[in-house]
Amino acid sequence: AMERSYVSVLLLLIVISCALAKDVGKKDSKDTTTKPKLPQTLSRGWGDQLIWTQTYEEALFRSKHSQKPLMIIHHLEDCPHSQALKKVFAEHKDIQKLAEKFILLNLVYETTDKNLAPDGQYVPRVLFIDPSLTVRADITGRYSNRLYAYEPSDISLLYSNMQKALKLLKTEL
């Protein structure tokens with residue numbers, strides 16, 4: 001009989017601690033409505049748990065100093081192609097994992113750097129920059145009229161291009 005009461009006490013403790021954890025979670029979200037939203041605004045849904053830079057200048061600085069390549073995604077919130085690509089990008093586990101090796105930036109506006117629009121200012125487009133701050137114009141998608149565009153169906157190509165951006169880095173530095 002002793003053993004059984006021990007088990008029920010243990011279960012009770014587990015139930016109580018779960019209830020407490022739930023309570024704490026609830027309280028937090030009420031008090032700090034603004035805090036959890038910060039990463040969300042920078043990621044804009046491209047990967048909420050990833051670290052995103054705020055500006056192009058900051059991204060270049062971080063890339064140079066960390067010796068990590070920079071991945072820039074140009075997109076627009078009201079563009080269905082951008083939205084579709086964002087959805088598969090955010091849900092692709094391998095891409096999200098690989099993205100941790102990059103300095104990341106997503107932009108809903110154009111920069112004044114013409115090197116970021118080698119063949120025009122369309123969205124969505126994805127460009128890679130190496131830590132020597134050279135735009136990797138050679139890493140392209142499959143469309144000859146929009147070299148840096150990717151459709152949702154091209155997600156595995158985008159993944160291998162990310163691997164390419166990392167691989168070339170190792171051999172060149």
Side-chain angles (χ1 to χ4, degrees), residues 34-173:
T34 45
K35 265 195 198 124
K37 284 213 181 83
L38 184 65
Q40 166 62 34
T41 52
L42 282 181
S43 84
R44 296 190 179 91
W46 288 88
D48 295 343
Q49 78 294 349
L50 293 167
I51 298 164
W52 296 84
T53 46
Q54 203 151 5
T55 63
Y56 180 45
E57 293 69 30
E58 180 199 346
L60 289 175
F61 178 84
R62 283 210 199 167
S63 173
K64 192 177 176 174
H65 288 269
S66 66
Q67 291 300 299
K68 284 180 172 181
L70 164 58
M71 178 179 185
I72 300 185
I73 304 169
H74 286 87
H75 64 109
L76 286 172
E77 294 295 344
D78 55 2
C79 159
H81 298 284
S82 296
Q83 290 296 344
L85 183 63
K86 178 199 295 193
K87 189 176 182 336
V88 295
F89 185 93
E91 288 170 3
H92 195 293
K93 297 235 175 358
D94 292 336
I95 277 190
Q96 291 290 309
K97 188 90 199 98
L98 197 59
E100 293 172 8
K101 298 187 159 84
F102 289 81
I103 301 299
L104 298 166
L105 177 66
N106 68 76
L107 293 174
V108 287
Y109 52 87
E110 293 291 339
T111 68
T112 52
D113 188 346
K114 295 288 171 271
N115 297 315
L116 291 186
D119 64 343
Q121 298 188 336
Y122 49 86
V123 292
R125 72 179 194 279
V126 181
L127 285 144
F128 297 95
I129 296 180
D130 70 28
S132 74
L133 305 190
T134 307
V135 175
R136 297 298 310 265
D138 58 319
I139 302 182
T140 58
R142 68 170 89 249
Y143 308 102
S144 54
N145 60 335
R146 291 168 300 143
L147 291 175
Y148 309 98
Y150 297 85
E151 297 284 328
S153 56
D154 305 325
I155 198 72
S156 57
L157 175 61
L158 179 55
Y159 179 67
S160 64
N161 277 351
M162 287 169 72
Q163 288 176 310
K164 196 189 281 183
L166 286 165
K167 240 188 229 98
L168 289 166
L169 189 75
K170 289 197 183 76
T171 55
E172 284 164 17
L173 291 179

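Position 1 is the first residue of the sequence; numbering continues from there.
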Would one find more than 12 heavy atoms of other residues, nucleotides or ligands at under 6.0 Å from atom NE2 of His92?
yes

Is the count of non-hydrogen atoms from other residues, nucleotides or ligands lying under 6.0 Å from Ile51 atom CD1 greater than 12?
no

Using the test side chain to side chain contact (heavy atoms under 4.5 Å, CB included), find all partners of [X] that sit at least two apart in sequence or belong to another chain.
X: Gln49; result: Gln96
X: Val135; result: Asn115, Leu116, Leu127, Ile129
X: Arg142; result: Asp154, Leu157
X: Ala99; result: Leu50, Leu104, Met162

With side-chain contact (heavy atoms from CB on, under 4.5 Å) as the criterion, how do Asp130 and Arg136 come out once you've worked through the C-alpha distance, each side chain's angles and the decisive distance to 0.1 Å?
CA-CA 7 Å; Asp130 70 28; Arg136 297 298 310 265; 3.7 Å; yes

What residues, two or more places apart in sequence or in another chain, satisfy ring pair (Phe, Tyr, Trp, His ring centres under 6.0 Å) together with [X]?
X: Phe89; value: Trp46
X: Tyr56; value: none
X: Tyr148; value: none
X: Phe61; value: His65

Before giving the answer on side-chain contact (heavy atoms from CB on, under 4.5 Å), spell out for Gln163 and Leu98 the whole-Å C-alpha distance, their side-chain angles and the decisive distance to 0.1 Å.
CA-CA 8 Å; Gln163 288 176 310; Leu98 197 59; 3.6 Å; yes

Test side chain to side chain donor-acceptor pair (under 3.5 Å) applied to Thr55 - qualifying residues, sequence neighbours left out
none

Applying side chain to side chain donor-acceptor pair (under 3.5 Å) to Glu100 and not counting sequence neighbours gives Lys97

I'd like to check [X] versus [Y] (side-chain heavy atoms, cut-off strictly below 4.5 Å). Are they in contact?
X: Leu158; Y: Met71; result: yes
X: Ile73; Y: Leu107; result: no
X: Leu60; Y: Leu70; result: yes
X: Arg62; Y: Lys68; result: no
X: Pro131; Y: Lys64; result: no
X: Tyr143; Y: Tyr150; result: no
X: Ile72; Y: Thr111; result: no

Roughly how far apart are Asp94 CG and Ser160 OG, rounded to 0.5 Å?
12.0 Å

Supply the atom-to-atom distance Phe128 CZ to Leu166 CG, rounded to the nearest 0.5 angstrom.
8.5 Å

Test your reading of the model: is there a side-chain donor-acceptor pair from Ser63 to the backbone of Pro69, 3.5 Å cut-off?
no

Looking at Glu58 and Gln54, would you say the former's side chain and the latter's main chain have a donor-acceptor pair under 3.5 Å?
yes

Which heavy-atom pair separates [X] from [Y] by the least distance, and what is that distance?
X: Asn161; Y: Gly141; answer: ND2-N, 4.3 Å
X: Pro152; Y: Ala84; answer: CG-CB, 3.5 Å
X: Phe102; Y: Ala165; answer: CE2-CB, 3.9 Å
X: Ile103; Y: Thr53; answer: CG2-CG2, 3.8 Å

Decide side-chain contact (heavy atoms from CB on, under 4.5 Å) for His75 and His81; before the verdict, give the C-alpha distance in whole Å, the side-chain angles of both, and the deciding distance to 0.1 Å.
CA-CA 9 Å; His75 64 109; His81 298 284; over 6 Å; no

Scan for salt bridge (Lys or Arg N to Asp or Glu O under 4.0 Å) pairs involving residues 74-91, sequence neighbours excluded, and state none if there are none.
Glu77-Lys86, Lys87-Glu91

So salt bridge (Lys or Arg N to Asp or Glu O under 4.0 Å) across residues 109-120, not counting sequence neighbours, yields Glu110-Arg125

